[in-house]
Each structure stands twice: as structure tokens, then as C-alpha cells.
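Model, not experiment: these values are computed from the prediction. The analysis underlying the following values was restricted to heavy atoms, covering all of them including side chains, and did not include hydrogens, waters or symmetry mates.
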Amino acid sequence: MMAKAMATERSGLAARARRLRLFVICGVLAGIGGVIGFFSAMFERDGGGFLDGIPAIWAIVASIVTVLAIVIGGWRYHVATDELDRRDSLWASAMAMNVYLLFYACWYFWWKGGVTPEPSHETVFIVTLAALLLAYGYKKIRP
């Protein structure tokens with residue numbers, strides 16, 4: 001009986017440690033994104049729109065840091081998750097891709113038909129990311 005209680009306690013500690021690892025990974029990635037966003041806004045030329053006219057060297061550095069953060073952070077996240085989290089992430093990614101394909105295709109056709117302005121890449125990205133987060137949250141609430 002005592003061994004079962006100790007095993008349950010160990011599995012609870014392992015789950016908490018895994019959750020903490022995931023929060024740290026996501027926090028570091030969010031921090032890197034915040035730093036890139038901060039410096040991108042700081043380096044903008046006067047009179048430009050959002051990320052309009054950032055210096056070429058900063059665009060290259062920000063791209064390299066972003067690629068490294070996504071590759072290394074994605075790998076670390078994959079190692080820290082279990083098969084159930086990966087299944088939920090796969091399902092949420094598929095739903096987000098469906099939203100992207102439908103949303104962008106319709107907006108593109110409407111733009112070509114003169115109904116709407118040209119598709120905004122930032123808006124498409126934010127809608128796709130929101131769809132991903134909502135789908136993942138849905139899977140976590142209702143497995």
C-alpha cells in the first residue's frame with residue numbers, strides 16, 4: 001500500500017516538473033519574441049507603419065534569431081511533451097491550417113474580385129494563431 005502511494009506521489013511530482021519545463025520553454029520563447037518586437041519597433045524609421053522600414057541588418061538578425069528560437073524551442077517542446085500533448089497539438093495545428101486555407105483563399109478571391117482590399121499578412125497570421133490557440137484550448141478542456 002505504501003509503495004502505491006509513493007508511486008502516485010512520484011508521478012505527481014514528475015507531472016509538475018514536466019508542466020514547469022513546458023512553462024519555462026514557452027516563457028523563454030515569448031521573451032525572445034518580445035525582445036525582437038521591442039527592438040523592431042525601436043529601429044523603425046519615422047513616419048513608417050508597423051515594421052515599415054526597419055534596417056536590413058536588423059531584419060537579418062531578427063530572422064536568424066526567430067528561426068533558431070523556433071527550431072530549438074520546438075525541439076525542446078517536443079522532448080518535454082508526451083504523446084497526448086503531441087496528439088492535441090497535431091489536431092490543433094490541422095484545425096488552424098484549415099482556418100488559414102479557408103480564410104486566406106476567400107479573402108484572396110474577394111480581393112481579386114474587387115470586394116475587399118488586399119489581404120493583410122498580419123491579420124491572416126493573427127487569425128491563424130488565434131485559431132490554433134482556441135483549438136488547442138478546446139482539446140485541453142474537452143479531450
OH-CG distance between Tyr138 and Asp88, expressed to the nearest 0.5 angstrom: 11.5 Å

Compare every heavy atom of Leu22 with every heavy atom of Ala80, then report the nearest pair and how far apart it is. CB-CD2, 3.7 Å

Common cluster, Leu68/Val65, ILVMFWY with side-chain heavy-atom separation under 4.5 Å: no

So if you build clusters from Ile, Leu, Val, Met, Phe, Trp, Tyr with side-chain heavy-atom gaps below 4.5 Å, do Phe39 and Ile54 land together? yes

Same apolar cluster (I L V M F W Y, side chains within < 4.5 Å links), Val35/Ile64: no

Nearest 0.5 Å, what's the CE-CG distance between Met95 and Leu90? 9.5 Å

Which pairs count as side-chain hydrogen bond (donor to acceptor under 3.5 Å, both in side chains) when at least one residue sits in residues 89-110, sequence neighbours excluded? Trp107-Thr116

Are Thr128 and Phe125 side-chain neighbours, meaning at least one heavy-atom pair lies under 4.5 Å? no

For Ala131 and Ala96, work out which heavy atoms get closest and say how close. CB-CA, 4.2 Å

Could you grab the distance from atom NZ of Lys112 to atom CD of Glu118, nearest 0.5 Å is fine? 8.0 Å

Do Arg87 and Leu84 come close enough that some side-chain heavy atom pair is under 4.5 Å? yes

Nearest heavy-atom pair of Arg76 and Ile25: which atoms, and what distance? O-CD1, 3.5 Å

Are Ile36 and Val61 in one and the same hydrophobic cluster, where Ile, Leu, Val, Met, Phe, Trp and Tyr link if side-chain heavy atoms are under 4.5 Å apart? yes

Roughly how far apart are Ile70 CD1 and Ile32 CD1, rounded to 0.5 Å? 10.0 Å

Are the charged groups of Asp85 and Lys140 less than 4.0 angstrom apart, N to O? yes

Would you say Phe23 ends up clustered with Leu29 if hydrophobic residues are merged whenever their side chains have heavy atoms under 4.5 Å apart, either directly or through other cluster members? no

